[in-house]
Q: 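Here it is, the structure in full.
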Amino acid sequence: MKTIRFSSKPDCTACKLHRGAEVVGEMGVGAVGNIMVVGRMPEIHGNDSLFKDLETVGIETEECYFTSALKCQNYEANIGKTDIKMCRGYLEAEIRKVKPTWILALGNEALGALTSHSGIMKYRGRVIEHHSGAKIFPTISPNAVLRNPGQRPSYMADLKLFVAEILGKDAAIPYPKIKKVATQRGLQWLVQQLDRAELLSYDVETYSTPAGNEWSPNARIISLSGTMLVDGKLVVWALPLSHPQSPFRKSWRRVLRFLAPHLSGVPKQVAQNGKYDCKWLRHFGVPMRVTFDTMLAVHLLDENLPKSLKTQALMRLGVKPWAISTKDLRSTELNDVLIYNALDTYYTYFVYLDAKKELKEHPRLARLLAFLMMPANEILIDVERRGVWQDREKLQTNSKIALDMRAEIDQKLMDWVPDPSEWPDHIPTKRGRGVNFNPSNFLRWWLFEHLEFPVIRRGKEKDDGSPGWPSVAEDVMLELRMNHPHPVVDLLLERSKWQKYCSAFLSSYEELLDENDRIHTTFKLYGTVTGRLSSGKNEADKITARAPIRGVNLQQVPRDPFVRGLFGAAPGFTFVEADFSQVELRVVAFISRDRTMRLLYETGQDIHAATASWVLGVPQSEVTKSDRKKAKAVNFGFVYGMYPRKFVYTAFTKYDVVFSLTEAEGIRAAFFEQFAGLLPWHNRQRRLVNEYRRVQSPLGRVRHLPDIDSQNRLIRMEAERQAINSPVQSMASDMTMLSMIEIHRKFEEMKIEGHFISTVHDSLLFEIKNEHVAKALPVIKDTMEHLPLKKKFGVEIDLPIVADLLVGKYWGEARELSGEEVYDYTP
DNA sequence: GGCCTGCGCGCG
DNA sequence: AAAGCGCGCGCAGGCC
């Protein structure tokens, strides 16, 4: 292999980078005609850890040419586009000489130098053609990975993908023979096969506007595919449905209904993110289930890894991504759609096998999948389909009120706005120079220059080193109200509330409320690193939706009854909210075994009130509701590793109470003296994460924390705090999930007419037929307070767990029940 | 006009 | 010197 070394240009002064540089004009070195690796600065030439990464995925470093986008080594300068441009000539000369077939671009600067594109996170992993004919493959820079090891898994996945692209062929798994089911005889064949199959991995291709919405009038299933295990043999098939070229384009609904019992009768049903496919298939009359979801399994095994089927197939099976070109499947060749659809199920099956094997080595994770994730998934399919009832009239009334309130405030604010002729030209707004009381450049100019309020705080420093925007956040306004009272400040504070209500909540509720006055969300069981659910629109909506879409976030509904009180129970039903009382702190007491905290809970005391009592120095009997709220800040903050400075800030912004730094230090010291078991617990978690680079919850949920290896001390400390918080948050949310599963089962067994309709981390929401409320309440409370944790996970939580029940017509306006009322309920 | 990011803020 | 955790979403600015 011929190698080449360009002579360096130590006297280059083309851009500013040569000034103060450690190395000037250093060119690349390495082999000709094969792979060119382009980093950011010349350090890349001898980067041992990069060499190791490349060797790991099977790239011979002796056969590569190493060079950089910038030829000067200068860590002080702020690198701009012009600097990269000036260096481009050198890089192009190297490319002409080296004639690489592949170029691996590491980081945004390399991407910019090679393609003029910017945004490495967007372009990573895609092949881009260079004008020389070479193929460019961008990914993130190895230095970014060193600074932030959490990026490592996806970085290595990219490198593996790069190798797969170079080799240009798939690895271990043979390409399947796909049976196209397009005739009556084909359907008969499919029925026979399905009836004998022990396992089916399935997937649907769908079309609707907005995307991903099975309720749309134009929603249709384009095709359905499967990979089956029949008598020990794999059978792969694809069924065209509503596609212009499909023989079943007119009868696809009937075809589905015909196949329904045979499809849903297969004992094992595997899918990737199958909740989506189930929602669609159930909507069109096929009662499919998911007995094993590859996405959920993969998420449990490593919550940090990319979970898409393509990535998993690549990482686990070495299969190169398969794809079809266009988004609108109706105008894609039917055969292409079918192949794509079938390959999805085929590779899902192999990912399933691989994930199952891995789960065998992690029995606690396997148990979480079987006892929590899959049952929860099954329940959530119907919960999402059912939706939550809203009072349509109330929504209309309140929407109008909110809009009017905002308009009224705007009008008052206008009194202080000067005539546009007095505005300076430099107000840089793209959308004209209109008045805008949202956080905008107009507002910043108006407040801080025209009205001459002092700048309290600035946002993040900009890339070129200039100071960030003056902040107009709520805490800034609160401080202005205190020290520089002015009607404008009060009005703006009031306005931001109504603005948020209008834009984020009421208007989207109005758009999304369905014809049965119900509003829908999509829950994700793989949306968080701790095991909590996340809630919102579905993925497809986020990408393509322009029109109204289904999917509000049910976990951030303002507690103000003005908004929360819109949600409720449909006529004839009662709304029931069941809250775990202080469940996270009880779990802290359980895990840390702190004696004081345990004693407080064992004797049925209120820990927030207790903390309020000694922080504020008042007897516990005189602790007010707002005192208790302040104490919450103390408890949560310090338990999870908050320090005095931040505590002062949070106490002020979130709880409206002013502490000095000295006071805060005193409170913190007293807190850890009071709960003497907490710091030793913190230290245990720190030791564990440093030793194993991960932590586990008592139920066995794993949080990987690769950032513990960061070279940056602040990032390491962040990982340590996450090691403290994660097991607690995980256990608390798993308790909520288990409650949901158990209560759902009991409702079915006891034939209680009522449904679980939503959850917000430590609370469960139900809609229960009026006549069945009395029967349901004790079931809910007993289940939550006595979860079968011992039976299912071998964990005995030796502390009282308490659930508070609230009953009413609307959420947020429901009445809290006493213990007796739960067991002897009269409406 | 599409797409991305930073910020601020809704919730637990 | 700086140091709660976990989310999703809307707006504005700015790039292409």
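We name chains A, B, ... by the order of the sequence lines, and we start the count at 1 in each one.
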Q: Is there a side-chain contact between A:F567 and A:Y810, using heavy atoms and a 4.5 Å cut-off?
A: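 They are not in contact (no side-chain heavy atoms under 4.5 Å apart), so the answer is no.
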
Q: At under 4.0 Å, does any side-chain N or O of A:K537 touch on OP1 or OP2 of C:dC7?
A: no

Q: Indicate, yes or no, whether a donor-acceptor pair under 3.5 Å links the base of C:dG6 to the side chain of A:R532.
A: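 Yes.
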
Q: What is the distance, rounded to the nearest whole Å, between atom CZ of A:F437 and atom C1' of C:dC11?
A: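 From A:F437 CZ to C:dC11 C1': 16 Å.
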
Q: What does A:Q722 touch in the nucleic acid at a heavy-atom separation under 4.0 angstrom: a base, only the sugar-phosphate, or nothing?
A: sugar-phosphate

Q: Heavy atoms under 4.0 Å, any strand shown: does A:E718 hit a base, just sugar-phosphate, or nothing?
A: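 Sugar-phosphate contact only - A:E718 comes under 4.0 Å of backbone atoms but never of a base.
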
Q: If you measure from the P atom in B:dG8 to the same atom in C:dA3, how many Å do you get, rounded?
A: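 After rounding to an integer number of Å, I get 15 Å for this pair.
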
Q: Whole angstroms only, please: what is the CZ-P distance between A:R716 and C:dA2?
A: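 In whole Å, C:dA2 P lies 17 Å from A:R716 CZ.
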
Q: Of the listed nucleotides (C:dA1, B:dG12, C:dC5), which one gets closest to any side-chain atom of A:R713?
A: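 Side chain of A:R713 sits closest to C:dA1.
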
Q: Can you tell me which nucleotide in C:dC5, C:dG8, B:dG12 comes closest to the side chain of A:N725?
A: C:dC5

Q: Of the listed nucleotides (B:dG12, B:dG8, C:dG4), which one gets closest to any side-chain atom of A:A473?
A: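 For the A:A473 side chain, the nearest candidate turns out to be B:dG8.
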
Q: Could you check which of C:dG8, B:dG12, C:dC11 has an atom nearest any side-chain atom of A:N553?
A: C:dG8

Q: Establish, with yes or no, whether the OP1 or OP2 oxygen of C:dG6 is under 4.0 angstrom from a side-chain nitrogen or oxygen of A:T530.
A: no

Q: With the side chain of A:R564 defined as its heavy atoms from C-beta on, choose the nearest nucleotide among C:dC9, B:dC11, C:dG6.
A: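 My answer, after comparing the listed nucleotides, is B:dC11.
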
Q: Would you say A:N438 reaches C:dC11's phosphate, i.e. side-chain N/O to OP1/OP2 under 4.0 Å?
A: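 Indeed not, no polar side-chain atom of A:N438 lies that close.
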
Q: Measure from the side-chain heavy atoms of A:V529 and tell me the nearest of C:dA12, C:dC7, C:dA3.
A: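 When the side chain of A:V529 is considered, C:dC7 is the closest of C:dA12, C:dC7, C:dA3.
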
Q: Does the pair A:K275/A:E384 count as a salt bridge with the N-to-O cut at 4.0 Å?
A: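 Yes, charged N to carboxylate O under 4.0 Å.
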
Q: Among B:dG12, C:dA3, C:dC11, which nucleotide has an atom closest to any side-chain atom of A:V760?
A: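 My answer, after comparing the listed nucleotides, is B:dG12.
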
Q: Do A:V760 and A:D762 come close enough that some side-chain heavy atom pair is under 4.5 Å?
A: no

Q: In whole angstroms, how far is the P atom of B:dC7 from the CZ atom of A:R457?
A: 10 Å

Q: Classify the nucleic acid contact of A:V563 as base, sugar-phosphate or nothing, counting any heavy atom under 4.0 Å across all strands shown.
A: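 Nothing, no nucleic acid heavy atom in range.
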
Q: Using the ring centroid of each side chain, check whether A:F647 and A:F638 are separated by less than 6.0 Å.
A: yes

Q: Side chains of A:M784 and A:I780, heavy atoms from C-beta outward: is any pair under 4.5 Å?
A: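 With C-beta onward as the side chain, the pair touches.
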
Q: Taking any heavy-atom pair under 4.0 Å as a contact, classify A:S535: base, sugar-phosphate, or nothing.
A: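 Result for A:S535 = sugar-phosphate.
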
Q: Mind checking whether A:F675 and A:F671 have ring centres under 6.0 Å apart?
A: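 Between A:F671 and A:F675, which both carry aromatic rings, the centre distance is below 6.0 Å.
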
Q: With sugar-phosphate meaning primed atoms plus P, OP1 and OP2, does A:K646 contact a base, only sugar-phosphate, or nothing at under 4.0 Å between heavy atoms?
A: sugar-phosphate

Q: Round to a whole Å and report the spacing from CD of A:Q685 to C1' of C:dA3.
A: 18 Å

Q: Over all strands shown, is A:S471 touching base, sugar-phosphate only, or nothing at heavy-atom distances under 4.0 angstrom?
A: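 Since only primed, P, OP1 and OP2 atoms lie under 4.0 Å of A:S471, the category is sugar-phosphate.
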
Q: In whole angstroms, how far is the C1' atom of B:dG8 from the CG atom of A:L492?
A: 15 Å

Q: Could you check whether A:E584 pairs with A:R532 (Lys NZ or Arg NE/NH1/NH2 to Asp/Glu carboxylate O, under 4.0 Å)?
A: yes

Q: Would you kindly give the CG-to-P distance between A:D475 and B:dC7, to the nearest whole Å?
A: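 Rounding to the nearest Å, CG of A:D475 and P of B:dC7 are 14 Å apart.
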
Q: Of A:L714 and A:T528, whose nearest nucleotide on DNA chain C comes first from the 5' end?
A: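 Looking at the nearest nucleotide for each, A:L714 comes out on the 5' side.
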
Q: Indicate yes or no: does A:R481 engage A:E494 in a salt bridge with an N to O separation below 4.0 Å.
A: no

Q: Measure from CD1 on A:I591 to P on C:dC5 and round the result to the nearest Å.
A: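 Going from A:I591 (CD1) to C:dC5 (P), I get 17 Å.
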
Q: Contact class for A:E584 vs. all strands (heavy atom < 4.0 Å): base, sugar-phosphate, or nothing?
A: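 Result for A:E584 = nothing.
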
Q: Verify the contact: side-chain N or O of A:R721 to OP1 or OP2 of C:dA3, cut-off strictly under 4.0 Å; return yes or no.
A: no

Q: How close or far is atom P of B:dC11 from atom CD of A:Q729, stated in whole angstroms?
A: 17 Å

Q: For C:dG6 and A:R703 - does any side-chain N or O of the residue sit under 4.0 Å from the phosphate oxygens OP1/OP2?
A: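 Yes, within the criterion.
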
Q: Could you tell me which nucleotide pairs with C:dG4 by Watson-Crick or G-U wobble geometry, both distances under 3.5 Å, or answer none if nothing does?
A: none

Q: Checking contacts here: which listed nucleotide (B:dC11, C:dC11, C:dG13) is nearest the side-chain heavy atoms of A:N441?
A: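 My answer, after comparing the listed nucleotides, is C:dG13.
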
Q: Looking at the side chain of A:R559, which of C:dC9, C:dG4, B:dG12 is the nearest nucleotide?
A: B:dG12

Q: Which one, B:dC11, C:dA12, B:dG8, comes nearest to the side chain of A:Q556?
A: B:dC11

